[in-house]
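Every number for a ligand or one of its atoms is a count from 1 in the order of the listing. It should be emphasised that the depicted structure is a prediction, and the values quoted were computed from it without experimental measurement.
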Amino acid sequence: MASDSWAQAVDEQEAAAESIGSLQINEKDDKLKAAANGAKTEGDGEKKEDEDKEDKAAQSLLNKLIRSNLVNTTNQVEVLQRDPSSPLYSVKSFEELRLKPQLLQGVYAMGFNRPSKIQETALPMMLAEPPQNLIAQSQSGTGKTAAFVLAMLSHVDPENKWPQCLCVSPTYELALQTGKVIEQMGKFYPEVQLVYAIRGNKLERGTRLQEQIVIGTPGTVLDWCQKLKFIEPKRIKVFVLDEADVMIATQGHQDQSIRIQRMLPKTCQMLLFSATFEDTVWNFAKRIVPDPNIIKLKREEETLDTIKQYYVICNSKEEKFQALCNIYGAITIAQAMIFCHTRKTAGWLAGELSREGHQVALLSGEMQVEQRAAVIERFRDGKEKVLVTTNVCARGIDVEQVSVVINFDLPVDKDGNPDNETYLHRIGRTGRFGKRGLAINMVDSRFSMNILNRIQDYCLSKERVDSESLKQVVSC
Ligand SMILES: Nc1ncnc2c1ncn2[C@@H]1O[C@H](COP(=O)(O)OP(=O)(O)OP(=O)(O)O)[C@@H](O)[C@H]1O
């Protein structure tokens with residue numbers, strides 16, 4: 001949909017929401033707010049029954065499955081060179097990289113016209129002679145996978161029939177996704193072959209691999225190098241550790257990755273990629289990659305400047321549902337996402353809305369990742385206008401065109417404290433194109449009013465909103 005029509009749709013929604021808001025003023029509000037202000041969080045039985053265990057690998061896979069394009073970013077790349085006195089190269093075209101013609105053909109066949117922001121600096125570093133080590137961090141969808149795949153394909157010698165590049169991924173599914181990119185990019189370079197070192201791939205004892213690129217999960221790669229000796233680690237020229245943040249979240253993967261790395265020659269190029277960069281990831285990265293160059297592409301800060309935030313006071317889940325029905329016409333002019341705390345509530349709400357004759361999609365943690373991707377894709381294509389989901393299930397998913405976010409339950413962490421970042425990320429927009437939106441928060445207790453106030457204080461402290469930004473509008 002063109003941005004104009006989105007803007008118009010949001011204008012209509014805002015007008016509708018404001019007119020609804022002017023109909024009723026809830027007298028309970030002041031009392032509630034006063035009670036909630038400064039009040040300690042009450043353990044009021046709203047204990048988080050959080051069945052959707054956060055699964056970083058599944059989220060990462062989901063993002064890959066639903067993404068068809070590069071995420072645009074206007075943020076600058078931050079570079080820390082191992083040798084600050086050496087010149088820093090960055091390229092604006094793939095030609096400047098002097099790639100093998102078969103690879104350039106592969107890149108263009110994938111529809112890449114020019115390097116992405118992170119690729120502009122990462123590619124010259126990875127393709128330099130002698131090879132340089134690299135730690136790179138940028139959010140999902142900014143072109144990291146494509147970058148290291150191109151580096152691996154550039155470094156192999158197709159004449160040599162043994163593994164030369166080793167890439168470890170946290171899960172079988174993620175390894176397959178990277179494998180697909182290798183196959184696509186190497187389409188015109190058939191001499192280069194790929195093999196998957198994953199659990200189900202059983203090879204006969206004594207096998208010596210002929211494929212130049214091995215991609216797999218840490219446990220199997222380690223077995224293939226150490227116990228089964230299908231791979232000669234000393235002949236590896238490029239080692240890639242992908243999704244380091246997901247890797248360290250999985251028990252055992254960190255140790256296995258370090259053990260693989262120790263078997264590789266000193267001259268082997270080490271490359272590590274991560275979407276986030278907490279201290280734990282950083283400590284791990286330093287153990288895997290000696291003398292690294294470091295590239296970071298900051299995530300663009302979400303701003304709430306263009307978002308109108310409202311809240312609705314209700315007494316129960318049923319009242320919240322009623323309030324939602326009252327504003328339903330207004331929110332479905334464009335597309336809306338409704339967030340619930342648990343799968344149970346999400347399922348209940350989707351069922352109730354359907355019974356009212358509304359067409360809604362449900363995204364739930366019980367679904368397989370592929371099923372979830374299919375639901376999101378249908379929603380993205382506008383086949384459904386409303387998506388009901390849980391806080392955990394949709395964390396980290398970007399559905400850019402959503403202009404209405406309804407927090408049926410406010411986001412809280414596992415200890416019941418406000419999850420400020422999730423709130424910001426969920427309702428925020430990355431400022432570009434001035435995308436506008438509407439956020440409606442459903443408050444059904446002192447506890448949740450308190451949560452909302454604390455979230456607002458946080459947003460204020462981060463200068464993401466002004467003090468007038470949150471308005472009460474609707475009651476049922
Ligand atoms: N230079 C480019 N031009 C156009 N599209 C690109 C370019 N590089 C990558 N892409 C595409 O952008 C999308 C995201 O790229 P990629 O998967 O490499 O990002 P990523 O940072 O590795 O993401 P993730 O962390 O989720 O793995 C893919 O669909 C990919 O084909």
Does the protein place a non-hydrogen atom closer than 4.0 angstrom to atom 28 (C) of ligand 1? no

Kindly indicate whether the side chain of L104, heavy atoms from C-beta on, has any atom under 4.5 Å from the side chain of F188. no

Check: G111 N/O within less than 3.5 Å of ligand 1 N/O: no

Under 4.0 Å to a heavy atom of Q139 - the qualifying atoms of ligand 1, by number: 21 (O)

Number the atoms of ligand 1 from 1 as they appear, then name those within less than 4.0 Å of a heavy atom of T142, with their elements. 19 (O), 20 (P), 21 (O)

Could you check which of Q177, Q137, K64, R114 puts a non-hydrogen atom nearest to atom 1 (N) of ligand 1? R114

Passes side-chain hydrogen bond (donor to acceptor under 3.5 Å, both in side chains), Y89 versus E120? Steps please. CA-CA 8 Å; Y89 294 109; E120 287 178 0; over 6 Å; no

What atoms of ligand 1 come closer than 4.0 angstrom to any heavy atom of S116? 1 (N)

What orientation do Y108 and F94 show, parallel under 30°, tilted 30 to 60°, or perpendicular over 60°? perpendicular

Protein contact of atom 19 (O) of ligand 1 - nearest heavy atom, named by residue and atom, plus distance: G143 N, 3.0 Å

Give the residue, atom name and distance (to 0.1 Å) of the protein heavy atom nearest atom 25 (O) of ligand 1. K144 NZ, 3.0 Å

On a heavy-atom basis, which atom in Y196 and which in K180 lie closest, and how many Å separate them? OH-N, 3.9 Å

protein heavy-atom neighbour closest to atom 23 (O) of ligand 1 works out as G141 N, 2.8 Å

Taking only non-hydrogen atoms of A146 and a 4.0 Å limit, the atoms of ligand 1 in range are 8 (N), 9 (C), 18 (O)

How far is atom 4 (C) of ligand 1 from its nearest protein heavy atom, and which residue and atom is that? F112 CD1, 3.5 Å

Please state which protein non-hydrogen atom is closest to atom 26 (O) of ligand 1 and give its distance, to 0.1 Å? S140 OG, 2.8 Å

Do Y189 and P158 have side chains that get closer than 4.5 Å, going by heavy atoms? yes

So which heavy atom in the protein is nearest atom 8 (N) of ligand 1, and how far is it from that ligand atom? Q119 NE2, 3.0 Å

Structural part of F94 in contact with ligand 1, heavy atom criterion under 4.0 angstrom: side chain

Nearest non-hydrogen protein atom, atom 22 (O) of ligand 1: T145 OG1, 2.5 Å

